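Below is one structure, written out as structure tokens; the observations come after it.
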Amino acid sequence: MLQGVLMGIFLMILNLSRSFIAGELTCLCDKQGSKCRENSTCSGVLCFVSKHRAAGEIIHRIGCLEKEYETCRGSILENFGMKCCSSNMCNLNLTIQLEGEGQMGLSLKNLLLMILVPLFTIVLLAVLVGLVLWKMSQSQPRKMQFGCDELGDMDFILKSSVIGDSTLEDLMDDDCTTGSGSGLPFLVQRTVARQITLAECVGKGRYGEVWRGIWHGENVAVKIFSSRDEQSWFRETEIYNTVLLRHDNILGFIASDMTSRNSSTQLWLITHYHEHGSLYDYLQCTMLDVETCLRLASSIICGLLHLHVEIFGTQGKPAIAHRDLKSRNILVKNNKQCCIADLGLAVMHSQSSDFLDIGNNPRVGTKRYMAPEVLDEQIRMDCFESFKRTDIWAYGLVLWEIARRTVVNGIVEDYKPPFFDMVPIDPSFEEMKKVVCVDQQRPTIPNRLYSDQTLSALAKIMKECWFQSPPARLTALRIKKTLKKLSSSFDKPKQNA
Ligand code: ADP
Ligand code: MG
């Protein structure tokens, strides 16, 4: 063993001395070199280390050179590098680094970071947005809300999915409505409103215009409120959307919409369209027979009674008083029944919660139709019954307008508004007060009415609607019952026939 080691040392010294004598160097070499001796040394003019990148792998070589090559002096390249030195075993400590070598791991890490970080951020954002949308869809109230203009353009989604080729009847079907209020879900209301084409202006009221509009080929009425009557729009929208008001004799509500155009607010109320227009319009040029007169009168009281009564239960409604009942706010349908319109001034009352909701509309009713207690300002504003009684007063006046246009024995009067012969065209509050409260005058009932049993019964009802003392007046229920009895005399012959 010792002998072997001594032999090795001897050989090394021998090689070194041989190289020294021949001008050659002893270098470290790898076994791949053909001149590499058993003890990993070789002899040459120069020692070298080299690195060569091939197919992503780095091949590391060390050994001797017989002569100096160009590459010995060349710079280190991306795929090949070489260093040479000229002392014994000098390549032992010679190192080489190719371009990009060692940074490879770093750049891969960078690359991964560059891909993974944005990818992770996107996934996280998508999950968050998804969660928010899901939450919104869960909590989206099916009930109308106000001032939701900021809901943006989600209605375009609804346009295609909810409305499609629906007719108004499809949309208003109970399954489709909100379940609370008489309206469609809020976004559908907006969508319907924005798909309407205005065709012609059919009326100008005190506070706005009414247009015939077309939605999917069907006529609708569009009431465009002037900005000074925005409280009426708010009130009417509020009532239609919180109270279930579907009744043959209440104007059918379709939608309400608020848009902002050129910094001004446009308020629309969309309802069923009735081509005969208001009762006021209708009576101008239509004479009635007794049956039609009764039909109109009965339908109005049915509508008014529906407003006045509180209905309990899930499909219930509070009691409502109209406060602006008049022939202009009653529409005539094709079947000669009427429906009551314009709830902009209405008040609501719930007995169970004893809550009286007067709203905050600064508008007052129409002076010509004001009851004495309104004119002399004695009305008890804290008592809901008071408002119902003023409606009954106005109903009596409407009945009077209808009765005058009913032919009895070939005689009929021209259309005239109540108190036409006692006050000027646009009477002041004081003028009305003088006639109604001070002089206690009432519209003149034409004598000819007493020659007809039905019309004389109507004359009696009118008078009982006009008592100075509000509690003495008839109630809507009482009037409805009386008119029903009168109508049955018309129904009977038909049943026999
Ligand atoms: P006012 O302020 O005098 O009560 P409105 O603004 O309520 O008047 O209505 C003006 C007119 O428009 C009515 O007198 C009637 O001729 C017409 N009108 C209102 N609503 C409808 C409707 N739903 N269908 C057809 N015509 C209507
Ligand atoms: Mg009106």
Side-chain angles (χ1 to χ4, degrees), residues 168 172 182-183 189 192-193 196-215 218-237 239-240 245-257 266-286 296 299-300 303-304 307 320-346 359 361-370 391 394-395 397-398 401-402 415 417-418 425-427:
L168 276 174
M172 305 308 291
S182 349
Q189 291 191 29
V192 168
I196 289 171
T197 320
L198 297 180
E200 56 173 331
C201 181
V202 293
K204 276 192 166 54
R206 281 185 297 169
Y207 299 108
E209 292 177 352
V210 177
W211 286 70
R212 178 173 66 83
I214 297 168
W215 185 81
E218 292 177 69
N219 280 331
V220 292
V222 181
K223 185 162 176 177
I224 304 174
F225 289 72
S226 72
S227 54
R228 70 187 179 114
D229 195 28
E230 64 178 25
Q231 284 306 326
S232 294
W233 178 87
F234 267 109
R235 188 59 169 168
E236 200 153 12
T237 300
I239 291 179
Y240 273 124
L245 263 186
R246 295 235 159 264
H247 189 276
D248 277 351
N249 308 116
I250 306 290
L251 178 60
F253 170 73
I254 298 169
S256 217
D257 191 35
Q266 274 219 354
L267 306 169
W268 281 22
L269 186 88
I270 298 136
T271 60
H272 290 169
Y273 177 77
H274 298 292
E275 58 188 354
H276 290 303
S278 67
L279 179 64
Y280 173 87
D281 304 328
Y282 186 72
L283 293 178
Q284 303 300 312
C285 49
T286 316
L296 296 173
S299 60
I300 301 166
L304 191 62
L307 284 180
I320 297 171
H322 189 286
R323 292 177 73 207
D324 197 15
L325 193 68
K326 57 176 176 172
S327 52
R328 280 181 193 270
N329 280 339
I330 295 168
L331 297 161
V332 179
K333 306 203 289 184
N334 280 335
N335 64 2
K336 304 290 164 61
Q337 284 204 16
C338 292
C339 60
I340 297 174
D342 200 341
L343 299 172
L345 207 58
N361 195 342
R363 174 182 140 192
V364 289
T366 309
K367 293 178 206 95
R368 190 180 289 277
Y369 288 81
M370 280 178 180
D391 282 349
Y395 175 78
L397 298 177
V398 171
E401 291 172 77
I402 298 172
Y415 174 82
I425 282 174
D426 188 15

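We count ligands from 1, going down the list as the structure has it; atoms in each ligand are counted the same way. The shown structure was predicted, so the numbers you read here are calculated from the model rather than taken from an experiment.
- Between atom CG of residue Asp257 and atom CD1 of residue Ile224 there is a gap of 11.0 Å, rounded to the nearest 0.5 Å.
- In this structure, atom 21 (C) of ligand 1 lies nearest to the protein heavy atom Leu331 CD2, 3.6 Å.
- Heavy atoms from other residues, nucleotides or ligands lying under 6.0 Å from NZ of Lys336 number 12 at most.
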Quiz item: Checking side-chain contact (heavy atoms from CB on, under 4.5 Å) for the pair Trp215/Ile270: CA distance, chi angles, key distance, verdict?
Solution: CA-CA 10 Å; Trp215 185 81; Ile270 298 136; over 6 Å; no

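- The proximity of His272 to ligand 1, defined as any non-hydrogen pair under 4.0 Å, is limited to the backbone.
- Asp281 OD2, 2.4 Å is the protein heavy atom nearest to atom 16 (O) of ligand 1.
- Coordination check, Ser278 versus the Mg ion (ligand 2): failed, since every N/O/S atom of the residue sits at 2.8 Å or beyond.
- Nearest protein heavy-atom contact of atom 20 (N) of ligand 1 is Val210 CG1, 3.7 Å.
- The nearest heavy-atom contact from the protein to atom 25 (C) of ligand 1 is His274 O, 3.0 Å.
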Self-check item: side-chain contact (heavy atoms from CB on, under 4.5 Å) between Gln337 and Asn249, worked out
Solution: CA-CA 7 Å; Gln337 284 204 16; Asn249 308 116; 3.0 Å; yes

Exercise. Let me see the working for Leu343 and His322 under side-chain contact (heavy atoms from CB on, under 4.5 Å), right down to the final yes or no.
Key: CA-CA 6 Å; Leu343 299 172; His322 189 286; 3.9 Å; yes

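- In terms of polar-atom proximity, Tyr273 is not counted as a contact of ligand 1, lacking any N or O under 3.5 Å from an N or O of the ligand.
- Here Asp324 has no heavy atoms under 4.0 Å from ligand 1, in either its backbone or its side chain.
- Residues Phe225 and Leu269 approach most closely at CE1-CB, 3.6 Å, considering heavy atoms.
- Considering all non-hydrogen atoms of both residues, Arg363 and Gly344 come closest at NH1-CA, 4.0 Å.
- Every atom of ligand 1 is numbered from 1 in the order shown, and the set under 4.0 Å from a heavy atom of Gly203 is 11 (C), 12 (O).
- The closest protein non-hydrogen atom to atom 1 (P) of ligand 1 is Gly205 CA, 3.9 Å.
- Take the N/O/S atoms of Asp342: the one nearest the Mg ion (ligand 2) is OD2.
- Closest to atom 4 (O) of ligand 1 among all protein heavy atoms lies Asn329 OD1, 2.6 Å.
- For ligand 1, the polar-atom distance check finds no N/O of Lys204 at less than 3.5 Å from any of the ligand's N/O atoms.
- Residue contact check: Ala221 has heavy atoms under 4.0 Å from atoms 22 (C), 23 (N), 24 (N) of ligand 1.
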Practice problem: Just do the side-chain contact (heavy atoms from CB on, under 4.5 Å) check on His247 and Leu307 with the steps written out, would you? | Solution: CA-CA 9 Å; His247 189 276; Leu307 284 180; over 6 Å; no

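- Scanning the protein heavy atoms around atom 13 (C) of ligand 1, the nearest turns out to be Ser278 CB, 4.1 Å.
- With respect to Tyr240, the ring pair (Phe, Tyr, Trp, His ring centres under 6.0 Å) criterion is satisfied by exactly one of Trp233, Phe253, Phe234: Phe253.
- Ring-plane geometry between Tyr415 and Tyr280 is classed as perpendicular, the angle between the planes exceeding 60 degrees on a 0 to 90 degree scale with a lower cut at 30.
- Heavy-atom proximity to Lys223, at under 4.0 Å, picks out these atoms of ligand 1: 5 (P), 6 (O), 7 (O).
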Quiz item: Do Lys223 and Asp342 pass the salt bridge (charged side-chain N to carboxylate O under 4.0 Å, His left out) test, and can you show the C-alpha distance, the side-chain angles, and the key distance before you say yes or no?
Solution: CA-CA 10 Å; Lys223 185 162 176 177; Asp342 200 341; 3.6 Å; yes

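- What you find for His276 and Val332 is that their closest heavy atoms are CB-O, 3.4 Å.
- Atoms of ligand 1 lying under 4.0 Å from any heavy atom of Thr271, numbered from 1 in the order shown and given with element: 23 (N).
- Closest to atom 3 (O) of ligand 1, if we only count protein heavy atoms, is Arg328 CD, 3.5 Å.
- The shortest N or O to N or O distance between Glu275 and ligand 1 is not under 3.5 Å.
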